[in-house]
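Worksheet: the structure to be examined is printed underneath.
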Amino acid sequence: MSSGARKLVCVTGASGYIASWVVKFLLQRGYTVRACVRDPNDPKKTNHLLVLDGAKERLQLFEANLLEEGSFDVAIQGCDGVFHTASPFYNDIKDPQAELLDPAVKGTLNVLKSCAKSRSVKRRTPDVVVDETWFSDPEFCKAGKLWYVLSKTLAEEAAWKFAKEKDLDMVVINPSMVMGPLLQPTLNTSVAIISSLLNDVAYAHIQAYEIPSASGRYCLAERVVHYSEIVRILRELYPSLQLPEKCADAKPFAPTFQLSKEKAKSLGIQFIP
């Protein structure tokens with residue numbers, strides 16, 4: 001019997017890139033999945049989920065809005081676990097507070113409030129070495145106008161505070177840029193950033209839920225590289241692709257810190273050497 005047989009879980013922002021893969025893997029493992037989306041009647045957001053193996057029998061669509069408190073109550077009620085992946089990500093930002101910060105922070109708290117109401121939920125989703133004890137500096141993010149980074153930082157900070165107050169068993173997956181095959185029909189921002197040049201973290205979400213010893217934060221980042229290094233790797237992996245010969249920014253890149261991969265490896269994550 002598969003590990004997810006007879007288990008009921010909820011995935012927020014289910015139409016997104018990572019979330020779609022989480023839903024796919026959950027269905028493959030036998031879970032019954034409640035997929036929360038803003039508009040269940042939008043085929044562009046749901047069709048790629050409805051055709052997944054097992055979806056007909058074990059996938060349920062729910063309408064939910066990050067900024068509406070109580071919006072996730074019905075979907076989360078009775079679930080064994082919740083995978084919160086819903087968070088807006090845009091490059092062309094006109095109002096950071098309204099477009100990114102509020103949905104990320106208030107949305108995360110709204111989801112956790114729904115989790116707290118459901119008693120069935122057992123678990124949610126060179127000289128310097130950066131590991132899971134590190135958090136981004138909000139003031140640095142503001143100064144650099146790194147609004148998406150700031151939104152995720154504030155959302156996680158609020159989530160940990162709420163989880164501690166309500167004694168929720170929460171695990172956080174923090175991936176770096178994510179690329180790979182698309183399940184949804186529309187191009188997401190992360191992939192679009194380097195689709196002109198030409199890792200899947202969904203597995204880590206499942207592992208973090210299923211492994212009893214999993215706890216705290218997991219940073220899924222192998223190392224910091226220049227775009228030219230990404231092009232070099234892509235050229236080796238996909239020699240038939242038409243890739244740029246050089247980057248617009250050809251300045252030498254020297255990272256000032258190393259990334260710790262030890263905790264992520266405990267989830268069975270294999271990094272590209």
Side-chain angles (χ1 to χ4, degrees), residues 8-27 31-50 52 55 59-77 79 81-91 93 98-115 118 121 123-125 147-149 151-156 158-159 162 170-175 177-180 182-192 200-206 208-209 220:
L8 177 64
V9 295
C10 176
V11 179
T12 72
S15 61
Y17 174 59
I18 293 176
S20 295
W21 280 98
V22 171
V23 171
K24 179 182 176 71
F25 288 160
L26 286 168
L27 291 173
Y31 287 90
T32 295
V33 180
R34 291 179 176 176
C36 292
V37 294
R38 279 181 293 182
D39 184 3
N41 297 314
D42 183 352
K44 291 183 179 180
K45 299 293 186 180
T46 60
N47 277 1
H48 69 286
L49 298 174
L50 296 174
L52 293 173
L59 179 67
Q60 305 160 7
L61 297 179
F62 284 77
E63 181 177 351
N65 188 324
L66 282 174
L67 292 179
E68 184 180 334
E69 184 171 348
S71 182
F72 294 88
D73 286 359
V74 175
I76 290 176
Q77 186 63 40
C79 285
V82 175
F83 295 81
H84 177 45
T85 67
S87 190
F89 183 15
Y90 310 108
N91 278 326
I93 301 299
E99 294 178 62
L100 285 179
L101 304 184
D102 284 347
V105 178
K106 294 180 180 179
T108 295
L109 289 177
N110 283 338
V111 171
L112 287 176
K113 287 175 182 177
S114 295
C115 291
S118 176
V121 176
R123 168 167 291 178
R124 308 311 174 243
T125 137
W147 303 120
Y148 177 67
V149 178
S151 74
K152 298 295 289 185
T153 300
L154 297 179
E156 186 182 352
F162 185 87
M170 186 175 77
V171 175
V172 173
I173 302 294
N174 291 315
M177 182 177 290
V178 180
M179 290 187 67
L182 293 171
L183 288 180
Q184 75 271 36
T186 55
L187 195 64
N188 65 295
T189 305
S190 297
V191 176
D200 194 4
V201 301
Y203 175 71
H205 285 73
I206 311 297
Y209 177 69
L220 303 187

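Nothing here was measured: the structure is a model prediction, and the numbers come from that model.
Checked by atom type and distance alone, the side chain of Ser118 never pairs as donor or acceptor with a backbone atom of Ser114 at under 3.5 Å. With hydrogens and angles ignored, the 3.5 Å screen pairs a side-chain donor or acceptor of Thr12 with a backbone N or O of Thr85. In this structure, Thr108 contributes its side chain and Ala159 its backbone to no donor-acceptor pair below 3.5 Å.
In this structure, the separation between OG on Ser15 and NE2 on His48 is 6.0 Å, given to the nearest 0.5 Å. The CZ atom of Phe83 sits 4.5 Å away from atom CG of Leu26, with the distance rounded to the nearest 0.5 Å. A distance of 8.0 Å separates CG in Leu66 from CZ in Arg38, rounded to the nearest 0.5 Å. Considering CG of Leu59 and OH of Tyr31, their distance stands at 15.5 Å, rounded to 0.5 Å. Note that the SG atom of Cys36 and the CD atom of Gln60 stand 10.5 Å from one another [nearest 0.5 Å]. To the nearest 0.5 Å, the span separating NE2 on His205 from CH2 on Trp21 amounts to 14.5 Å.
Nearest heavy atom pair, residue Ala14 against residue Val23, reads CB-CG2, 4.3 Å. The two residues Leu67 and Asn65 make their nearest non-hydrogen contact at N-OD1, 3.0 Å. When all heavy atoms of Pro175 and Ile18 are compared, the pair lying nearest together is CG-CD1, 4.2 Å. A pairwise comparison of heavy atoms in Val105 and Ala155 identifies CG2-N, 3.5 Å as the closest pair.
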- [ ] Assess whether side-chain contact (heavy atoms from CB on, under 4.5 Å) is satisfied between Asn174 and Glu156, documenting all intermediate values.
- [x] CA-CA 10 Å; Asn174 291 315; Glu156 186 182 352; 3.5 Å; yes

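Annotation: side chain of Phe72 is not in contact with side chain of Val82 (no heavy-atom distance under 4.5 Å).
Using a 30° and 60° split on the angle between ring planes, Phe25 and Tyr203 fall in the perpendicular class, above 60°.
With Val33 as reference, Val9 is the one residue of Leu8, Val9, Leu61, Leu49 to meet the side-chain contact (heavy atoms from CB on, under 4.5 Å) rule. Under the side-chain contact (heavy atoms from CB on, under 4.5 Å) rule, Phe62 has a single partner from Val37, Val74, Ile76, which is Val74.
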